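Notes for the one structure printed next.
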Amino acid sequence: MLIEECEKKLQNKFKELEEISFFNQKKVLDAFKECRVSTNHFFGSSGYGYDDVGRDTLRKVYSKVFKTDDSIVSPLITCGSHAISIVLYGLLRPGDTLLSISGDLYDTLKETLFGDGNGSLEDFGISYRQVEMNESEFDCNAIISTILKLKPKVIFIQRSRGYSSRKALSCQAMGEIFSKIREVYKEGFIVVDNCYGEFVEKTEPTEVGADVVVGSLIKNPGGGLAPTGGYIAGKQDAIDLIAKRFTSPSLGLEVGSFEMGYRLFYQGLFLAPHVVKETIKGAYLVGKLMEEKGYKVIPSSEEKAFDIIKSIVFNTEEELVKFVQNIQKISPVDSFVLPLPWDMPGYNDKVIMAAGTFVSGASIELSCDSPIKKPYIAYFQGGLTYEHIKILAEELEKLY
Ligand SMILES: *Cc1c(COP(=O)(O)O)cnc(C)c1O
C-alpha cells in the first residue's frame, strides 16, 4: 500500500531516469554499430592473444562510449582498485605528485598510496596530497593554489562518494572545475575514478575535460554480466603510458588473451544503461519508503543521484543489522546465509555485508555493506531489476 504511494510520488523521478537510460542506450548502440560488432568478436583467444579482434573491438566500443582516443578493457584487470593502481603507476614517475581534489581516496587505495615497503607509490618517491571538499563542493581557491604550487602530474577525482559523507559529483561540477584548472595549468593528467558513476548521467567525465576515466566491470558498465575485469579510457598519450604498465613497456596492448571469450562483456555493456536505471529506480523506492518511515536517506528522494549508492541512517545497530540481513534474505544466491558483523582486515570497525550475487562480490547486483559505528549507516547499491529491489521494499515495509 505504502509502496504504491511511494511509486506514485516518484513518477517524475522515474521519468527522468528513463530519459537518461534511453539516451545512454542509444549512445551504446551507436558505438556497437560504428564498430561493426559481430559474432566473431565474442570468441576468445589463448596464449599471447596476438591480433585478438574481440579484445581490440571491445576497446574501440568503450572508446566510442566514453568519447576518448583509446581505452584498455580487460578481464585481466582484476578489480577497480587494480585498474586505478595501473593508471597511477602508468602515469606517475619518481619525484611526481599525485593530488586528489575530492578529499580521501577509496579505502582500498591507501596501501597503494602509502604502504611502507610494499611497492606503494610512496616507496617509489611519489608524493600524495589532497584538497578536502567544502561540504560537497570543490574548494576552487584551494585547488588552484595547490595545483600552482605543487604542479601535480596527476589530478585525481573520485566521482562516487564511496563511504564518505559527501555527495557524489555531477559531471557539471567536474566540468566547471576542470576548465578552471586548465585555464591556469595545462600539464599533467586529470584522472577520474568513475566507479559507480557510469551511465548515471547522460555525460561521462571524459566529455567534460577529464583525460582518463577508470572503473570496474563488476559494477555499472559490466551490466551484471561481465564476470570480472576493469576498463581505462582516455587520451592517447595517457593510454599509451598506462598500457605499458598494464602489460610491460615492450608489449603494451599487443598481448592479452581470454579463452572464455568476450560475449558477456559486450552484452553486459549493452545492458548497462538499463541496469543502472533499474538500480537507481529501486534505490529511490527503498529510499522514499524509509523516508516515509522517518529515516534519513542520502541522497534524499528530492535530490538527483550522481552514483548508484543510497545510504540510510539508522538509529541503532540492531536496525542496521536487520536491514543488511534482509538484503541477503531476498537474494537469489545464498539467501539462506545470515550475515553477521565481523572484523574485516583493513577496517577499524566491525563490518556487516550482504552480497547474494551471481558474480562474486559484484556490487551492480543488490548488495550492502556497513561499518558498525555511529551513525549507523547502511550503504546499499545495485540490483539487476527494479522488481527485485521492490521485493526488498515489501520486506522493509513490514519490518520498520
Ligand atoms: C568499488 C570502488 C573502487 C574499487 O573497486 P574494487 O573493484 O572494489 O577494487 C574504487 N573507487 C570507488 C569509488 C569504488 O566504488
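On a predicted model such as this, the values are computed, not experimentally measured, just so you know. Counting starts at 1 for both ligands and their atoms, in listed order. If you read the sequence from its start, that first residue is 1, and numbering goes on from there.
- Using a 4.0 Å cut-off to heavy atoms of Q158, the atoms of ligand 1 that qualify are 13 (C).
- Shortest contact from atom 7 (O) of ligand 1 to any protein heavy atom: G80 N, 2.7 Å.
- Side-chain contact between C6 and E292: present, with at least one pair of heavy atoms (C-beta onward) separated by less than 4.5 Å.
- Scored by the side-chain hydrogen bond (donor to acceptor under 3.5 Å, both in side chains) test, R55 finds no partners at all (sequence neighbours excluded).
- Atom numbering of ligand 1 starts at 1 in the shown order; those under 4.0 Å from a heavy atom of S81 are 4 (C), 5 (O), 6 (P), 9 (O).
- Checking T78, I77, D193, I308 against atom 12 (C) of ligand 1, the nearest heavy atom belongs to D193.
- Contact between K219 and ligand 1 is present, with at least one heavy atom of the residue lying under 4.0 Å from the ligand.
- For K277 and F199, the positive end is not near the middle of the six-membered ring at less than 6.0 Å and at most 45° from its axis.
- Among residues at least two apart or in separate chains, side-chain hydrogen bond (donor to acceptor under 3.5 Å, both in side chains) pairs with a member in residues 225-242 are D70-Q236, N194-Y231, E198-Y231, D211-K235, Q236-D240.
- Checking each of F323, F380, Y376 against F314 for a ring pair (Phe, Tyr, Trp, His ring centres under 6.0 Å) leaves exactly one that passes, namely F323.
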